[in-house]
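Accompanying notes for the structure given below.
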Amino acid sequence: MKSIELNTGKVIGEGAPCYIIAEIGINHNGSIDIAKKLIDEAVNARVDAVKFQKRTPEVCVPRDQWEIMRDTPWGRMSYIDYKRKTEFGTVEFSIIDQYCKERGMDWFVSAWDVESVDFMEQFETPLYKLASASLTDFELIERILKTGRPLMISTGMSTQNEIVETVRFILDFDPEYPLSIAHATSAYPCKPEELNLNMIHTLSKMFPNHPIGYSGHETGLATTVAAVAMGATFVERHFTLDRAMWGSDHAASVEPQGLARLVKDIRDVETASGDGIKKVYDSEVGQMKKLRKHISAEYNK
C-alpha cells in the first residue's frame, strides 16, 4: 500500500498512525466562534485534522427548493437563505486557516462543486475530500485532480462498479495520483447491521496501492475503533459540541468527551497490535518461572 505525505508533514497510509479526522462539516451553524471552539476541542482530543464543508448554495441547492420556508435559529426563512447563512466565506475560512495553523491542526474541506474548489485554492489545504454524494460527479473530480492535491473519496450510497469507475477515472488522469478511499454507509445515524466493516478488507484487496479508511456515521465509538483494527489507515467522524444543538448533522455526531475517548482507544489498539512476532516479554518471566513446570531449552538459550 502506498502512503500519502501531506504538505503539513503528516502521512496517511500503511506504517503511519491512523489519521483521525473530526468532521465539523456545518456543525458550526454559521458561527465562527463555534467553529473555533470545535477546533479547540479537536486539539484537546488529539485528532489529526478537522474537516469542514464548502458549497456554493446557488449551485448545490436545486432551484425548486430555494423558496421552501424553514424554521431556523435566525427565524423563518427560505431554504436558499438558510444555506447561505451556514456557508463560510473568505473571511471565515481565513480565520480558520490562521487558527488551525496556530494550533498545529490540519484542516480541509469536502468541496461540493467546481466553484468551491476554485474558492478553496486560495488556501494551501493538505487535501480535498469528495463526499459520497459526489462520487459520480466527474466534472467536480476533474477540477480537484487539476489542483494536484491529494484526494480522499467516500463510497457511501455507491455500488462497487461505481467505485471502480471513479477510481479508474482518477487513475486515467494520473496513474500515480495520491488517492485514498474511505468505506462509508450514508445513513445518519447508521445502524450497526448496515456498517458492513468488512468492506475495508474488500477495498484493500480491490485497491492495494491506495490507503483505505473509514467514514463513520454511527452513534457509538466501538465500531470505528474496530475499523482501525481491521486495517483502516484513516477514520473520520462527525463532531459537535452538543448533539442536542439545532442542525441536521448533530444527532449523528460525537461530542468532545467521546472524541477524546475515540482517539485514545484507537491509539491503544495501534499500540496493542504489535509486530506479529511471538516473543516472551520480560513481564512474563516471573509468572513463567512460578507457574511453568518445564521451561524449554529454547528459552534458556
Side-chain angles (χ1 to χ4, degrees), residues 6-8 21-43 45 47-62 65-66 70 72-75 77-134 137 140 143-144 147 149 151-152 154 188 215 236-243 245-256 259:
L6 306 178
N7 63 10
T8 57
I21 305 159
E23 182 179 358
I24 293 172
I26 56 172
N27 280 349
H28 51 73
N29 286 0
S31 165
I32 193 66
D33 289 335
I34 292 176
K36 290 171 77 172
K37 288 177 183 177
L38 284 161
I39 293 166
D40 287 340
E41 293 292 355
V43 170
V47 305
D48 295 288
V50 292
K51 182 170 77 70
F52 294 85
Q53 294 182 21
K54 180 56 183 170
R55 292 179 173 91
T56 305
E58 292 77 11
V59 174
C60 294
V61 177
Q65 296 182 24
W66 282 25
R70 288 194 59 168
T72 77
W74 306 280
M77 63 179 63
S78 67
Y79 187 57
I80 189 67
D81 285 341
Y82 156 67
K83 297 306 288 185
R84 288 168 179 153
K85 271 279 193 186
T86 56
E87 275 302 321
F88 282 163
T90 301
V91 171
E92 292 85 0
F93 275 124
S94 294
I95 293 170
I96 287 167
D97 184 51
Q98 183 62 35
Y99 198 67
C100 284
K101 286 176 179 175
E102 291 173 359
R103 311 268 4 226
M105 175 66 63
D106 287 2
W107 79 278
F108 58 98
V109 305
S110 292
W112 284 70
D113 56 86
V114 170
E115 289 85 348
S116 290
V117 180
D118 294 339
F119 170 87
M120 285 303 303
E121 276 301 285
Q122 66 187 292
F123 306 104
E124 296 291 323
T125 55
L127 63 112
Y128 280 106
K129 176 72 190 300
L130 187 75
S132 293
S134 304
D137 188 342
L140 172 59
R143 177 65 187 94
I144 293 173
T147 71
R149 300 189 193 281
L151 174 58
M152 178 183 290
S154 269
Y188 301 82
S215 178
E236 71 170 353
R237 288 291 301 270
H238 284 264
F239 175 48
T240 183
L241 295 176
D242 186 345
R243 291 177 62 202
M245 288 177 69
W246 187 93
S248 57
D249 290 344
H250 293 280
S253 299
V254 179
E255 294 177 339
L259 186 67

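Sequential numbering from 1 along the given sequence is applied to the chain's residues.
Taking the six-membered ring where tryptophan is involved, the planes of His28 and Phe52 are tilted, since the angle between them lies from 30° to 60°.
Using a distance-only test at 3.5 Å, with no hydrogens or angles considered, no donor-acceptor pair links the side chain of Glu87 to the main chain of Thr56. Side chain of Asn29 to backbone of Ser31: no donor-acceptor contact under 3.5 angstrom is found. At least one donor-acceptor pair under 3.5 Å links the side chain of Lys54 to the backbone N or O of Phe88.
Taking CE from Met152 and CD1 from Ile144, the interatomic distance works out to 12.0 Å, rounded to the nearest 0.5 Å. Taking OG of Ser110 as the reference point, atom NZ of Lys129 lies at 5.0 Å (rounded to 0.5 Å). With values rounded to the nearest 0.5 angstrom, Thr90 atom OG1 is found 11.0 Å from Ile95 atom CD1. Taking CZ from Phe108 and CD from Glu124, the interatomic distance works out to 15.5 Å, rounded to the nearest 0.5 Å. Ile26 contributes atom CD1, which lies 9.5 Å from atom NE2 of His238 (distance to the nearest 0.5 angstrom). Here the CE atom belonging to Met77 is positioned 3.5 Å from the OG1 atom belonging to Thr72, to the nearest 0.5 angstrom.
The side-chain hydrogen bond (donor to acceptor under 3.5 Å, both in side chains) test with Asp106 singles out one residue from Thr125, Asn7, Thr8, and that residue is Thr8.
Applying the salt bridge (Lys or Arg N to Asp or Glu O under 4.0 Å) test to Glu121 and every residue at least two apart in sequence or in another chain returns Arg149. In this view, Asp118 and Arg143 satisfy the side chain to side chain donor-acceptor pair (under 3.5 Å) rule, not counting sequence neighbours. Residues satisfying the salt bridge (Lys or Arg N to Asp or Glu O under 4.0 Å) test with Glu41, not counting sequence neighbours, are none. The side chain to side chain donor-acceptor pair (under 3.5 Å) check on Gln65 picks up nothing, with sequence neighbours excluded. Arg237 pairs by the salt bridge (Lys or Arg N to Asp or Glu O under 4.0 Å) definition with Glu218, not counting sequence neighbours. Scanning for side chain to side chain donor-acceptor pair (under 3.5 Å) contacts around Ser94 gives an empty result, with sequence neighbours left out. For the salt bridge (Lys or Arg N to Asp or Glu O under 4.0 Å) test, residues two or more places apart in sequence or in another chain that qualify with Lys51 are Glu23, Glu236. In this structure, the side-chain contact (heavy atoms from CB on, under 4.5 Å) partners of Asp137, at least two apart in sequence or on a different chain, are Ser134, Glu139, Leu140. Every residue meeting the side chain to side chain donor-acceptor pair (under 3.5 Å) condition with Lys101, not counting sequence neighbours, appears here in chain and number order: Asp97. By the ring pair (Phe, Tyr, Trp, His ring centres under 6.0 Å) test, Tyr99 is found to be paired with no residue, residues two or more places apart in sequence or in another chain being considered.
Heavy atoms only, all atoms of each residue included: Ser154 and Ser132 are closest at CB-OG, 3.2 Å. When all heavy atoms are compared, the tightest approach of Leu259 to Ala42 is CD2-CA, 4.2 Å. Looking at every heavy atom in both residues, Phe239 comes nearest to Glu255 through CE1-C, 4.0 Å. The two residues Val117 and Ala111 come nearest to each other via the heavy atoms CG2-CB, 3.8 Å.
Residues Leu241 and Ile34 are in side-chain contact: their nearest non-hydrogen atoms beyond the backbone lie under 4.5 Å apart. The side-chain heavy atoms of Phe93 and Val109, taken from C-beta on, include a pair separated by under 4.5 Å. In this structure, Val47 and Ile21 have side chains that are not in contact, with every pair of non-hydrogen atoms separated by 4.5 Å or more.
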For this session: Would you check, one step at a time, whether the test salt bridge (charged side-chain N to carboxylate O under 4.0 Å, His left out) holds for Glu58 with Arg84?
Result: CA-CA 9 Å; Glu58 292 77 11; Arg84 288 168 179 153; 2.8 Å; yes

For this session: Given side chain to side chain contact (heavy atoms under 4.5 Å, CB included), test Ile39 with Ile24 step by step and report yes or no.
Result: CA-CA 9 Å; Ile39 293 166; Ile24 293 172; 4.2 Å; yes

For this session: Please test Tyr128 against Met120 for side chain to side chain contact (heavy atoms under 4.5 Å, CB included), starting from the C-alpha separation and ending with a verdict.
Result: CA-CA 9 Å; Tyr128 280 106; Met120 285 303 303; 3.4 Å; yes

Problem set entry | Leu151/Leu130 under side chain to side chain contact (heavy atoms under 4.5 Å, CB included): CA gap, chis, key distance, verdict | CA-CA 7 Å; Leu151 174 58; Leu130 187 75; 4.0 Å; yes

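Residues in residues 27-37 take part in no salt bridge (Lys or Arg N to Asp or Glu O under 4.0 Å) pair, two or more places apart or across chains.
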